[in-house]
4 protein chains.
Amino acid sequence: MVPTASREEKQTEILIAAIRVFAKHGFDGAKMEYIAKEAGIGKGTVYEYFESKDRLFEEILKFSVEQFRIGLKKGMDKGETIEQKIMNCSRFTAQFMNDHMEFVHIAMQVKILSEDIRLHHMAVQSVIIEYYKEMVKAAKQKGELRSDLDVELATCCIIGTLEQFCKQRVFIDPRPIDEIDHPAIVDVILRGIR
Amino acid sequence: MVPTASREEKQTEILIAAIRVFAKHGFDGAKMEYIAKEAGIGKGTVYEYFESKDRLFEEILKFSVEQFRIGLKKGMDKGETIEQKIMNCSRFTAQFMNDHMEFVHIAMQVKILSEDIRLHHMAVQSVIIEYYKEMVKAAKQKGELRSDLDVELATCCIIGTLEQFCKQRVFIDPRPIDEIDHPAIVDVILRGIR
Amino acid sequence: MVPTASREEKQTEILIAAIRVFAKHGFDGAKMEYIAKEAGIGKGTVYEYFESKDRLFEEILKFSVEQFRIGLKKGMDKGETIEQKIMNCSRFTAQFMNDHMEFVHIAMQVKILSEDIRLHHMAVQSVIIEYYKEMVKAAKQKGELRSDLDVELATCCIIGTLEQFCKQRVFIDPRPIDEIDHPAIVDVILRGIR
Amino acid sequence: MVPTASREEKQTEILIAAIRVFAKHGFDGAKMEYIAKEAGIGKGTVYEYFESKDRLFEEILKFSVEQFRIGLKKGMDKGETIEQKIMNCSRFTAQFMNDHMEFVHIAMQVKILSEDIRLHHMAVQSVIIEYYKEMVKAAKQKGELRSDLDVELATCCIIGTLEQFCKQRVFIDPRPIDEIDHPAIVDVILRGIR
DNA sequence: AATGAATGAGCCTTCATTCAT
DNA sequence: GATGAATGAAGGCTCATTCAT
C-alpha cells in the first residue's frame with residue numbers, strides 16, 4: 001500500500017504487534033500465529049525478520065526498556081533543579097506505564113529467557129538506577145539535597161515511590177492519568193531526601 | 001521420611017517443591033515431572049493433591065501472597081509508633097524477598113491465570129495496600145504524621161521505597177541481608193511523610 | 001454381613017458389577033475404580049479376583065454369551081414342535097436383550113480383545129448357530145419344514161428376524177416387552193421356511 | 001501423489017485411512033499416530049482437518065452410514081417388483097459388508113460418542129428402516145404382499161435375514177461373496193411375507 | 001519476499017496396576 | 001484378605017518452525 005515499508009520499518013511493525021500479543025496472552029500463550037495476524041502478515045513472514053520466538057521476545061524487551069531508558073534520561077536532562085527533574089520523571093513514568101501497561105507485564109517474565117538477555121535486562125535496569133544515582137549525586141553537590149544522604153537509599157525512594165504510585169493507578173485502582181498530582185508526589189519524595 | 005505425613009502436610013510439601021520449580025523454570029518451563037521429582041514423588045501423585053498444573057500454580061500464588069500478607073500485618077501490629085511499624089515492615093519485606101526471591105518471580109506471572117485467581121490476587125494486593133493506608137491514617141490521627149498528608153501518596157512512598165530497596169538488594173546488586181540499614185530507610189520515608 | 005460369601009460368589013458379584021459399568025461406559029471408559037465402587041469394594045480387591053482389566057472383560061464376555069447360549073438351548077429343548085421351539089427362542093431373545101441391553105453393547109466390542117478370546121467368542125456364536133441348524137435339520141426330517149430348504153438360509157432367517165425385531169424394540173423404538181406379538185413373528189418366519 | 005489434492009479430497013483420504021485404523025485397533029487402540037502414518041502424513045496434519053479424535057470418529061460414522069443408506073436407497077429405487085428390490089438390497093448389503101467389514105465394527109462402538117452423534121446415528125438407522133417400511137407398504141398396495149401383513153414385522157424379517165446372512169458369511173464362516181445365492185435368500189423372505 | 005500447510009517434538013494428564021499397611 | 005495411595009507408561013493435542021510454492 002504505502003510505497004513499501006523498508007525492511008527496518010516492517011521489523012518494527014512486527015515488534016509493535018508482538019508487544020500487544022505478548023502483553024495480552026503472556027509469553028507462552030502468545031502463539032506466533034496471533035502475532036502474525038496482529039501484524040497483518042503470514043506466519044512464515046515473522047521468521048524472515050526474527051529467527052525465533054525467543055529472539056523476538058528478547059528484541060521486544062530490549063526495545064521497550066530502551067524506550068523507557070531514553071525517555072527517563074530525556075526527562076532528567078530537561079530539568080534544571082532536582083525538583084523539575086523528578087517531576088519530569090514522574091510524568092514520564094506515569095505516561096509510559098499508562099501507554100505501555102503491557103510492557104510492565106512483559107518485563108516481568110524475564111527469567112524465562114536466556115542468560116544473555118537476562119543479563120542485558122539487568123544491565124539496563126542498572127543503567128536506569130545509575131541515572132538516578134547520578135542525578136542524586138549532582139543534586140547533593142549542588143546543595144539541593146542534604147549532604148549526609150545515602151545515595152542508594154534516595155534512589156530507591158524516588159524510583160520506588162514513582163513506580164508504586166503508577167502501578168496502583170494503572171493496575172489496582174485505575175483512574176485517568178491527568179488526575180495525578182505530580183507536585184504532591186515530588187513533594188513527599190523531596191521532603192524525604194532534601 | 002518422617003513417620004507419616006498427613007494429607008495436608010504432603011500437600012504443602014508438594015507446594016513448596018513446586019514453588020522452587022516454578023521459580024526456576026517459569027510457568028511453562030516447569031514440567032510437572034520436575035515438580036514431582038523435586039517433591040520426591042511420582043508424576044501421578046501430584047495429581048492426587050492438585051487437579052491440574054494451573055490449579056497448582058494458583059494455590060502457590062494464594063499461599064505465597066497470604067504468607068506475605070500475614071507477616072506484614074504482624075509487623076504492623078507489633079509496633080507501637082509509626083516508626084517501629086515501618087521498621088518492622090522493612091525488616092519483614094527484606095527477609096521475605098530474600099527467602100522467597102522465587103515468590104516475586106512467580107507473583108509476576110499472574111496474567112496467565114484464570115480471571116478468578118487474578119481477581120483474588122488483586123484483592124490481596126489491595127488488602128495489603130489497605131493495611132498500609134490504615135496504618136497511615138491512624139498515625140495521622142495520633143499526630144505522628146502531618147495532618148495534610150495524602151494517605152494514598154504516603155502509602156506509595158512507604159511500599160515503593162521498601163520494595164524497591166529490597167529488589168535492588170536481591171536482584172540487581174545482591175548483598176548480605178544483614179547489611180541493610182533499616183533505620184536509614186525508615187528515616188528517609190518518615191522525613192517525607194512526617 | 002452375610003456369613004461371608006465364598007470366593008466364587010464374590011467373583012460373580014464383581015462380574016455383575018463390572019457388566020453394569022462396562023455397559024454404561026464402554027471398555028475404555030470403564031475405570032477399574034468405577035467397577036470397584038460399583039461392587040462396593042476397594043480398587044485393589046478386584047485384582048484379587050481378576051488378574052487384569054482385559055481378563056475381567058473376557059470373563060464377562062464368556063459369562064454373558066454362555067447365559068445366552070444356555071437360555072436359547074433350554075428354549076429349544078422345551079418345545080415340541082418347531083413352532084414352539086422358535087416361539088421359545090423369540091421369547092427368550094426378547095427377554096434377554098431387554099434385561100441385558102448392556103450385553104449387546106459389550107459383545108460388540110469383541111475386536112479389542114486378544115485373539116484367544118475373539119476365537120472363543122466366535123466359537124460360541126458358531127455353537128448357537130449350530131443349535132439353530134440342528135433344530136432346523138431335525139424339523140426337516142420330521143417333515144415340519146420343506147425338504148428342499150437350505151438349512152443355513154433358514155437359520156439366518158430365524159436368527160436374523162428375531163434379533164432384528166428385538167434390536168428395533170430395544171434400541172430404535174423402545175416399547176414394553178410384553179407388547180411383542182411372538183406368534184406373529186413366528187408366523188412370518190415359518191411361512192418362509194415351511 | 002496426484003498433482004494437487006483439494007482440501008476436501010485430503011480430508012476424505014484421511015477419513016479412509018482412519019476407517020482402516022479404527023477397524024483394525026478399535027477406538028481406543030487407534031492412536032492418532034497410526035492414523036497419520038496410514039494416511040501418509042504427520043500427526044499434526046490430522047488435526048488440520050479434524051479437530052479431535054472424537055470428531056474424526058464421528059465423521060467416519062456419519063460417512064459410512066451415509067454410504068450404506070445411499071446404496072440401499074438406490075437398490076430399492078432401481079427394482080421394479082418387490083422381488084427385484086429385495087434382491088438389490090441383498091446384493092448391496094453383501095457387497096458393502098464384504099468391502100466394509102470394518103464399518104460394521106466401527107458402527108458398533110456408537111455408545112462412546114456424544115449424545116449428538118448417537119442421536120444422528122439412530123436417526124439414520126431409523127431412516128433406513130423407514131425406507132424398508134415404505135417399500136413394504138407400497139408392495140402391499142400393489143398387491144405384491146398379503147394385505148394383513150404387519151409392516152414392522154416384515155421389515156424386521158427382510159433386514160434381519162439379509163444382515164444375519166451377510167454377517168455369517170463375512171465373520172463366522174467366510175466364503176467368496178459371489179457364491180451367495182441371492183434368489184434363494186429372497187425366496188425365503190418372500191415366502192414369509194407374500 | 002511472502003505464505004501457510006505440514007510437521008513432530010514435547011508435555012499434561014489419565015488410569016491400570018502395584019504394594020505397604 | 002482388603003485397601004487405596006502411589007506410580008509411570010502411554011497418548012491426545014499444541015504450536016514453534018520449516019519449506020515448497
Side-chain angles (χ1 to χ4, degrees), chain A residues 4-5 7 10 25 27-37 39-57, chain B residues 3-5 7 10 14 25 28-37 39-56, chain C residues 4-5 7 10 25 27-37 39-57, chain D residues 4-5 7 10 14 25 27-37 39-56:
Chain A
T4 45
R7 180 171 175 81
K10 189 136 197 177
H25 297 92
F27 182 81
D28 294 82
K31 303 182 199 173
M32 290 302 265
E33 196 181 344
Y34 295 168
I35 293 172
K37 201 150 285 172
I41 57 175
K43 214 183 334 170
T45 311
V46 179
Y47 285 86
E48 297 290 329
Y49 294 87
F50 299 94
E51 66 179 25
S52 73
K53 189 183 180 184
D54 279 11
R55 290 302 304 261
L56 171 56
F57 186 72
Chain B
T4 35
R7 179 173 176 80
K10 189 133 199 178
I14 297 175
H25 297 92
D28 295 81
K31 303 182 203 172
M32 289 302 265
E33 198 179 345
Y34 294 169
I35 293 173
K37 202 150 283 173
I41 57 176
K43 212 187 330 173
T45 310
V46 179
Y47 286 87
E48 297 287 328
Y49 293 87
F50 299 94
E51 66 180 28
S52 73
K53 191 182 180 183
D54 279 12
R55 291 302 304 259
L56 172 55
Chain C
T4 47
R7 182 170 174 80
K10 189 136 194 177
H25 296 91
F27 183 81
D28 294 82
K31 304 181 199 172
M32 289 301 266
E33 197 180 343
Y34 294 169
I35 293 172
K37 200 151 284 171
I41 56 175
K43 215 185 332 172
T45 311
V46 178
Y47 285 85
E48 297 290 329
Y49 293 88
F50 299 94
E51 67 179 24
S52 75
K53 190 183 181 184
D54 279 12
R55 289 304 302 260
L56 171 55
F57 186 71
Chain D
T4 35
R7 180 170 176 81
K10 189 133 197 175
I14 298 175
H25 297 93
F27 182 82
D28 293 81
K31 303 184 201 170
M32 289 303 265
E33 198 180 344
Y34 294 168
I35 292 173
K37 202 148 285 173
I41 57 176
K43 209 187 336 172
T45 309
V46 179
Y47 286 87
E48 297 286 330
Y49 294 86
F50 299 94
E51 67 180 27
S52 73
K53 190 182 180 184
D54 279 12
R55 290 303 303 263
L56 172 54

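The figures here come from the full heavy-atom set of this structure, side chains too, leaving out hydrogens, waters and symmetry mates. Proteins come first, then strands; the chains are lettered A, B, ... in the order of their sequence lines, and each starts at number 1.
Separating the OH atom in Y49(B) from the CZ atom in R7(B) is a distance of 5.5 Å, to the nearest 0.5 Å. Atom CD1 of residue I14(D) and atom OH of residue Y47(D) lie 11.5 Å apart, to the nearest 0.5 angstrom. Atom CZ of F50(D) and atom OG1 of T45(D) lie 12.5 Å apart (nearest 0.5 Å). A distance of 5.0 Å separates CD of E33(C) from NZ of K43(C), quoted to the nearest 0.5 Å.
Taking atom OH of Y34(D) as the reference point, atom P of dG8(E) lies 17 Å away to the nearest angstrom. Taking atom NE2 of H25(B) as the reference point, atom C1' of dG10(E) lies 15 Å away to the nearest angstrom. Put simply, CD on E33(B) is 11 Å from C1' on dC12(E), counting in whole angstrom units. When rounded to the nearest whole Å, the span between NZ of K37(C) and P of dC15(E) equals 13 Å. Distance, K53(C) NZ to dC15(E) P: 8 Å, rounded to whole Å. Summarising the geometry, the separation between CD1 on I35(C) and C1' on dA16(E) is reported as 11 Å, rounded to the nearest angstrom. The NZ-P distance, from K31(B) to dT13(E), rounds to 15 Å in whole Å. For the pair R7(A) CZ and dA1(E) P, the computed distance is 7 Å after rounding to whole Å.
The stretch residues 42-50 of chain B touches DNA chain E through K43(B), Y47(B), each having a heavy atom within less than 4.0 Å of the strand.
Judged as a ring-ring contact (aromatic ring centres under 6.0 Å, His included), and not counting sequence neighbours, the contacts of Y34(B) are H25(B).
Residues G40(D) and G29(C) each lie close to DNA chain E; by heavy-atom proximity, the contact nearer the 5' end of the strand is made by G40(D). For M32(D) and S52(A), each mapped to the nucleotide of DNA chain F holding its nearest heavy atom, the one lying further toward the 5' end belongs to M32(D). Two residues, I41(A) and I41(D), neighbour DNA chain E, and the one matched to the more 5' nucleotide by heavy-atom proximity is I41(A).
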Before you tell me yes or no, could you show the steps for I41(B) and K10(B) under side chain to side chain contact (heavy atoms under 4.5 Å, CB included), namely the whole-Å CA-CA distance, both residues' side-chain angles and the distance that decides it to 0.1 Å?
CA-CA 10 Å; I41(B) 57 176; K10(B) 189 133 199 178; 4.0 Å; yes
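Here chain A contacts DNA chain F (any atom closer than 4.0 Å to a heavy atom, that is under 4.0 Å), and the contacts span dC15(F) to dT18(F) from 5' to 3'.
Residue contacts shown for A30(C) are limited to sugar-phosphate atoms, with no base heavy atom under 4.0 Å away.
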Could you write out DNA chain E as a dot-bracket string, with dots for unpaired bases, | for bases paired across to another strand, and Watson-Crick or G-U pairs counted at under 3.5 Å?
.||||||||||||||||||||
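Looking at E51(D) and L56(D), their side chains never come closer than 4.5 Å, going by heavy atoms from C-beta outward.
With F27(A) as the aromatic partner, K53(A) meets the cation-pi criteria of under 6.0 angstrom to the ring centre and within 45 degrees of the ring axis.
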